[in-house]
Amino acid sequence: MRSRDRMPVAGSGRDANTSGDGAQPEPQRTAVELAALLGFLAASALVAWLGSQATISNVTGWYATADKAPWSPPNWVFGPVWTVLYAAMAVAAWLVWRSRSPERGAALTVYGVQLALNLAWTPAFFGMYPMWGSAALWLALGIIIALALAVAATVLLFGPIRRAAGLLMLPYLSWVVFASSLNLWAAANN
């Protein structure tokens with residue numbers, strides 16, 4: 001519909017195709033928001049895929065015979081859990097991004113830091129063990145502790161901006177703390 005063809009919304013003093021705040025027309029805004037959501041999902045998928053490259057060859061290698069914590073779940077659990085967590089993280093970041101809050105820049109920066117730490121942990125834990133032995137597992141423990149702190153900071157920053165975003169990050173924080181306990185056991189016993 002061309003701008004001269006737009007119908008005014010009765011009694012609103014604005015076009016039917018605008019958001020009401022003088023911003024972009026709704027279809028364009030919706031397209032931008034959808035593209036942003038896809039971007040956040042793609043970033044999570046990229047981190048997951050890159051991490052899987054270090055995991056795939058080692059989960060059936062050294063990790064298969066490693067001394068694992070008694071509470072360690074079976075290997076098949078990790079894939080589905082991480083898939084849900086990465087999707088929830090992406091949606092949480094998108095909710096904060098689209099909020100247009102003045103605090104979103106800081107919140108999304110911390111989100112980026114935790115995503116980078118997430119990416120760093122997998123090669124340190126799985127990929128470096130064959131070369132460095134238990135030193136790699138202790139390095140990975142330091143990374144995952146920093147990751148847990150960064151995720152906690154992300155929750156604290158996301159929550160006031162969009163409550164749903166903070167809540168979506170809580171299962172991830174719980175899983176990272178749980179994974180830290182598995183990492184500690186592996187470092188101390190391998």
Side-chain angles (χ1 to χ4, degrees), residues 1 6 9 12-55 73 76-125 140 143-183:
M1 181 182 269
R6 291 189 186 139
V9 176
S12 72
R14 63 182 175 89
D15 286 344
N17 294 333
T18 61
S19 63
D21 60 1
Q24 305 167 340
E26 287 298 329
Q28 184 180 356
R29 184 173 171 187
T30 301
V32 169
E33 288 182 356
L34 179 59
L37 174 59
L38 293 175
F40 283 113
L41 288 167
S44 284
L46 179 62
V47 169
W49 181 80
L50 289 171
S52 74
Q53 300 311 297
T55 306
W76 65 265
V77 170
F78 290 90
V81 167
W82 276 111
T83 300
V84 170
L85 294 175
Y86 278 123
M89 290 163 48
V91 171
W94 176 72
L95 288 171
V96 168
W97 171 83
R98 71 185 285 248
S99 74
R100 295 187 173 86
S101 166
E103 290 83 28
R104 77 178 178 163
L108 291 173
T109 298
V110 175
Y111 175 82
V113 168
Q114 69 80 26
L115 206 56
L117 288 166
N118 180 308
L119 178 59
W121 180 82
T122 306
F125 185 87
I143 293 169
I144 202 167
I145 289 170
L147 173 59
L149 293 172
V151 174
T154 303
V155 169
L156 293 174
L157 292 170
F158 277 17
I161 296 170
R162 284 294 296 267
R163 181 182 169 121
L167 293 173
L168 280 168
M169 294 294 290
L170 287 177
Y172 175 44
L173 177 58
S174 300
W175 185 260
V176 169
V177 170
F178 174 70
S180 299
S181 74
L182 300 177
N183 191 153

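All values reported here derive from a predicted model rather than from experimental measurement.
Minimum interatomic distance between Trp97 and Val32 (heavy atoms only, all atoms of both residues): CH2-CG1, 3.9 Å. Minimum heavy-atom separation, Ile161 to Ala107: CD1-CB, 3.8 Å. Nearest heavy atom pair, residue Pro123 against residue Ala54, reads CA-CB, 3.8 Å. Nearest approach of Ala120 to Ile143, heavy atoms of both residues: O-CD1, 4.0 Å. Residue Val110 comes nearest to Ala153 through the heavy atom pair CG1-CB, 3.9 Å, listed as atom of the first residue, atom of the second, then distance. Residues Gly166 and Val155 approach most closely at O-CG1, 4.0 Å, considering heavy atoms.
Between Val176 and Trp121 the shortest side-chain heavy-atom distance does not fall below 4.5 Å. Looking only at side-chain heavy atoms (C-beta outward), Val84 and Tyr172 stay at 4.5 Å or farther from each other. Side-chain contact check for Pro73 versus Leu182: some heavy-atom pair is nearer than 4.5 Å. Within the 4.5 Å cutoff, the side chain of Ser101 has no heavy atoms near those of the Val96 side chain. At least one side-chain heavy atom of Arg162 sits under 4.5 Å from a side-chain heavy atom of Arg98. Side-chain atoms of Tyr111 and Met89, non-hydrogen and from C-beta on, do get closer than 4.5 Å to each other. Put simply, the side chain of Leu119 does not reach to within 4.5 Å of the side chain of Leu115, judged on heavy atoms. Looking only at side-chain heavy atoms (C-beta outward), Val151 and Val177 stay at 4.5 Å or farther from each other.
Under a 3.5 Å cut-off, the side chain of Trp94 and the backbone N or O of Glu33 do form a donor-acceptor pair. At least one donor-acceptor pair under 3.5 Å links the side chain of Ser44 to the backbone N or O of Tyr86. Put simply, the side chain of Gln53 gets close to the backbone of Trp49: a donor and an acceptor are under 3.5 Å apart.
Atoms OG and CZ, on Ser99 and Phe158 in that order, are 9.5 Å from each other to the nearest 0.5 Å. The CG atom of Leu157 sits 9.5 Å away from the CG atom of Leu108 when rounded to the nearest 0.5 Å. The CG atom of Leu50 sits 10.5 Å away from the CG atom of Asn118 when rounded to the nearest 0.5 Å. Expressed to the nearest 0.5 Å, how far CG of Leu149 lies from CD1 of Ile144 amounts to 11.5 Å. Within the model, atoms CD of Gln114 and CG of Leu173 stand 10.0 Å from one another, a figure rounded to the nearest 0.5 Å. Rounding to the nearest 0.5 Å places CE of Met169 at 11.5 Å from CG of Leu95.
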Test log, rule ring-ring contact (aromatic ring centres under 6.0 Å, His included), inputs Trp175 and Phe178 | CA-CA 5 Å; Trp175 185 260; Phe178 174 70; 5.3 Å; yes
Step by step, work out the side chain to side chain contact (heavy atoms under 4.5 Å, CB included) result for Phe40 and Val91.
-> CA-CA 7 Å; Phe40 283 113; Val91 171; over 6 Å; no
